Amino acid sequence: MVENRPLLNLLSHLVLIVGVVIVAFPVYVAVIASTRGPTDFMSGLIPLLPGPHTLENYRRIVFSGVSTSGAPPIGMMMVNSLVMALAIAIGKIAISITSAFAIVYFRFPFRQLAFWMIFITLMLPVEVRIVPTFKVVADLGMLNSYAGLSIPLIASATATFLFRQFFLTVPDELTEAARVDGAGPMKFFRDILLPLSRTNIAALFVILFIYGWNQYLWPLLVTTDTGYYTIVMGIKRMAEVADAIPQWNVVMATVVLAMLPPVVVVVLMQRLFVKGLVESEK
Amino acid sequence: MSAIAIRGVRKNYGKTEVIHGVDIDIADGEFIVIVGPSGCGKSTLLRMVAGLETITEGTIEIGGRVVNRLEPGERDIAMVFQNYALYPHMSVFDNMAYGLKIAGLSKTDIRARVGKTAAMLQLEPFLDRKPRQLSGGQRQRVAMGRALVRDPAAFLLDEPLSNLDAKLRVQMRLEIKQLQQSVGTTALYVTHDQVEAMTLADRLVVMHDGVAEQIDTPMAVYARPATTFVAGFIGSPAMNMLPVEAAGNLGLTLANGRTVKPRDIRLPEKGRKAILGVRPEHIAPVSGANADLELDVVAVETLGADTLAHGRLAGAADGSGELVARLPGSTQVQPGDLLPLAIEPGMAHLFDAETGARLAELDLPAKAARAVKPLAEALNA
């Protein structure tokens, strides 16, 4: 807006600040809690200043785990989450970009049908089809494996749909120029479509990585072996202890660590895709 | 470098036929311009030559090889698109080199050929830039370079200048013509701009509704348009078309009841209905006694060098007998004037009233051709 009214400025800043506080406060509390002793949070008053137990708390979750709740050391869970999130993000992008390529650039029988079938799966997220999916995964012997964690989540229409929409905006002349230059379909895909999709791939990677990292229900179902626990379900296990008070300091330390990878991905990728957005401007 | 033969080519989209059998023989090294209004099928025809559209019927030969079932990449052609279609993520060098890379040339060969073409087009300073960092004219040049560098059998250009501003268009038009002449590659150029068509073409193909109405040199198309469509399309302002009826020795009866007797043309048999075509630039103001026509001036456009007098034949009913005359710029004329005009000898065209086809049997042998030939021979001797 071009208006310059001090009152309006004040108001808009106020709204923004309130919004930021609402979003940031819980995160702040989590960080504070991870620096405090085990009983500080039971005293009735939530402390708002850092305490002296930071190193102790983090050392405990990283190296020994929380034995009372059966949670393994956090490192293994982080690796599992990372593997799962990367597999889901990369797998989804790979599958959806090739299927969008097929749907947009090739004329084959039942092409529309294929598109709509993919599209309809949008209405069937994991939670809806969780029981049959579990049955299939169990029958295939994929329980307690990385494949079982990631493959059922890879099949999805969102990314296919996004790539399809993007491919439709690529001018036909570009395809034709490539054909005249003698490029076959796969060359065209690799040399032209893939580089042009770079920004879309980056954006999707961010979204899908976080989606994969935050998966909770599915890992909870398909893993019973602690060696395959992911961090998000690990947090839940730590917080839910039988016959004892949850050790909030440790749980929150885990939470803070669990938050880091998505933050890193967002920060790194955001730079790439903002650059990409600016570049693709003609 | 090779000849292109288009024989009996038809194109259907579903049940609608959009190209109704086109035959064009293009000699090696010739610059052919296909011109026509939008929707006449000129781009479709070009895309069929390129292999981007399937050919419903007929054959297309490039260099003596029928290419109907070949992929565009196998036809040994290069195409320049209206919006240039440069690969946005590649540098100018890579854009030009891409086709050569696919063709499997060695890196040194590619560098040599791209370098040579870039020098020819003065693109050397831009080789590392991306297309978005270039101006419209430079992009256009890169698109030309991408075609040139492959040294194809034929260039296909689909309205390559229509995204440029007027000044640049004139400049690029000249450059394209010079480039084509220096490399001697057959070129097929599609445009809707008649000035581009006239200036670039060795021969012109005027298309209308999926039919090639006339294929001839630009001057022949201008001097002897084969149909009323061609007559109206080539030339600006458009040729005047007056419905007439032959009145034997008196000449032709106009819509306003008067007769006109154009010189240096045979007259049709008495009673035959025809269309008399006269270009605005072939009407001259004369003194009243010698007038073929009288123009009731309605509007005047002064263009500096010329003055255009719009109006209708004196005494003609509303909506008929509209006429434009191109007069010398110094002519004093105002709306409301009654202007006596004469048709220059040999500059009248007669077309069949129903089919619109030129009544070629009425043409006398062209004088201009006879006058030019000895001069050309004298120069050659």
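By convention in this document, chain letters (A, B, ...) are assigned in the order of the sequence lines, proteins followed by strands, and residues within each chain are numbered from 1. Here the structure is a predicted model, which is why all the values come from computation and not from measurement.
For Ala177(A) against Ala85(B), the heavy-atom pair with the smallest separation is CB-O, 3.8 Å. For the residue pair Ala78(B) and Val180(A), the shortest heavy atom distance occurs at CA-CG1, 4.0 Å. Closest of all the heavy-atom pairs between Leu86(B) and Leu174(A) is O-CD1, 3.3 Å.
Neither the backbone nor the side chain of Asp172(A) comes within contact range of chain B, judged by heavy atoms closer than 4.5 Å. Residue contact with chain A, scored on non-hydrogen atoms closer than 4.5 Å, involves the side chain of Phe81(B) exclusively. Neither the backbone nor the side chain of Arg75(B) comes within contact range of chain A; no heavy atoms are under 4.5 Å apart.
By the 4.5 Å heavy-atom criterion applied to side chains, Ile192(A) and Met90(B) are counted as neighbours. The side-chain heavy atoms of Glu71(B) and Arg179(A), taken from C-beta on, include a pair separated by under 4.5 Å. With a 4.5 Å cut-off on side-chain heavy atoms, Tyr87(B) and Asp191(A) do not count as touching.
Atom CG of Asp165(B) is surrounded by more than 12 heavy atoms from other residues, nucleotides or ligands within 6.0 Å. Within 6.0 Å of atom CZ in Phe108(A), more than 12 heavy atoms from other residues, nucleotides or ligands are found, so the atom counts as buried in its surroundings.
Using a 4.0 Å cut-off between charged side-chain N and carboxylate O, Asp181(A) and Arg150(B) make a salt bridge.
Note: His89(B) leads Lys101(B), His89(B), Gln82(B) in heavy-atom pairs under 4.5 Å with chain A.
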